[in-house]
Number of protein chains: 2
Amino acid sequence: MNFLEERIVKDGIVKEGNVLKVDSFLNHQMDIDLFNQMGEEFKKRFEGKNINKIVTIEASGIGIACVVAQHFGVPVVFAKKSKSINIEGDMYIAEVESFTHKCKNQVIVSKKFLNEDDHVLVIDDFLANGCALQGLISIINQAGGTVEGIGIAIEKGFQVGGNIIRNLGYQLESLAIVEDMDAKTGKITFREQ
Amino acid sequence: MNFLEERIVKDGIVKEGNVLKVDSFLNHQMDIDLFNQMGEEFKKRFEGKNINKIVTIEASGIGIACVVAQHFGVPVVFAKKSKSINIEGDMYIAEVESFTHKCKNQVIVSKKFLNEDDHVLVIDDFLANGCALQGLISIINQAGGTVEGIGIAIEKGFQVGGNIIRNLGYQLESLAIVEDMDAKTGKITFREQ
């Protein structure tokens, strides 16, 4: 097990309905030392890639993205999830439909902050069905930018998001891929990497 | 002018209605080197304070808080703005009413992540009327924790939030306090500190 898998086993809580709660260190309370370890690991996994920007989505991706960005020496742009009065002017908008929740969401980035010169590393905390991620990729493509890679903290390997992204040919690096969780025993099985 | 005031003059845009757009470096695209400078400065201003946790509010406070946290060696907890399905169990909730927008918002933190042993530095990007900040202080008080200080990137000195917080006796450190902005000329006047 790597450092993140160990932490998930130690502090993650498995709930009914394939819910994995990691709010004590990842997405409500945030362990910044852990985020720095993730930054080091992503830097290794994306070695040789010419990355000049990190893109993430609000809210829980932002903290990880900002700490990881220090390991690449690049700025972060976070996408907003619905039209906000603070974003004005031209925007890239991706309309994404959740196939589980049957709801539509907008993923929005100002045109000022993405263009054809951008070589982007996408960072997020979770990957399950991957709708938000599909929206981010759509926006980077709209801008003419290049998706150099996608770094995820925890992927739910039993949901389709990761497969879709790998099928599309993107370098997707998930630090922990959960294959199976049992709410009764609390046991979590990770995919061998 | 300090480093943040200089950056605001260089890249901030003044709009009608007392709007200051700093989305190119603070709250949409984020300059992580700048956030580290802010971290150094907050560390100086809160020297001698016994701080073991940083609390902020989603979404645009999170990035600053996570980078600043490295200068204090503490974890970050971010409050959510409305009841989310990802937060379960006991929560601290503050109901805050905006006196400008006439709307109510909930500020929410899980009881697991704040308690009477916590000595908290509150971090946020903007302070105007201070409703969100009042909610954060309420929650820390509910938990029996101590507000050791409040660090803000940009305060709108011509709105009431900063005065209220200083009247209450809190150490409020705003790295840039805008006294006046002129949308026609673009001129920004800062309070001498």
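By convention in this document, chain letters (A, B, ...) are assigned in the order of the sequence lines, proteins followed by strands, and residues within each chain are numbered from 1.
Side-chain N or O atoms of B:Asn105 include none that pairs as donor or acceptor with a backbone N or O of B:Ala132 at under 3.5 Å. The backbone N or O of B:Asp117 lies less than 3.5 Å from a partner atom in the side chain of B:Asn115, making a donor-acceptor pair. The closest donor-acceptor contact from the side chain of A:Asn163 to the backbone of A:Val160 lies at 3.5 Å or more, if one exists at all. Without hydrogens or angle criteria, A:Glu5 side chain to A:Asn2 main chain gives a donor-acceptor distance under 3.5 Å. A donor-acceptor pair is defined here as one N or O able to donate and one able to accept, closer than 3.5 Å; no such pair exists between the side chain of A:His119 and the backbone of A:Val147. B:Gln70 places no side-chain N or O within donor-acceptor distance of the main-chain N or O of B:Gly39, the cut-off being under 3.5 Å.
With a threshold of 4.5 angstrom between heavy atoms, A:Asn36 approaches chain B through side-chain atoms but not through N, CA, C or O. Neither the backbone nor the side chain of A:Val19 comes within contact range of chain B; no heavy atoms are under 4.5 Å apart.
Chain B forms the most heavy-atom pairs under 4.5 Å with one residue out of A:Val67, A:Val76, A:Val77, and that residue is A:Val76. Interface summary for chain A: among B:Gly63, B:Pro75, B:Cys66, B:Ala65, the most heavy-atom pairs under 4.5 angstrom belong to B:Cys66.
Summarising the local packing, NZ of A:Lys187 is surrounded by 12 or fewer heavy atoms from other residues, nucleotides or ligands at distances under 6.0 Å.
For the residue pair B:Ser138 and B:Gln142, a side-chain donor N or O sits within less than 3.5 Å of a side-chain acceptor on the partner.
Heavy-atom neighbours of chain A within the stretch residues 42-60 of chain B, taken at a separation under 4.5 angstrom, comprise B:Lys53, B:Glu58, B:Ala59, B:Ser60.
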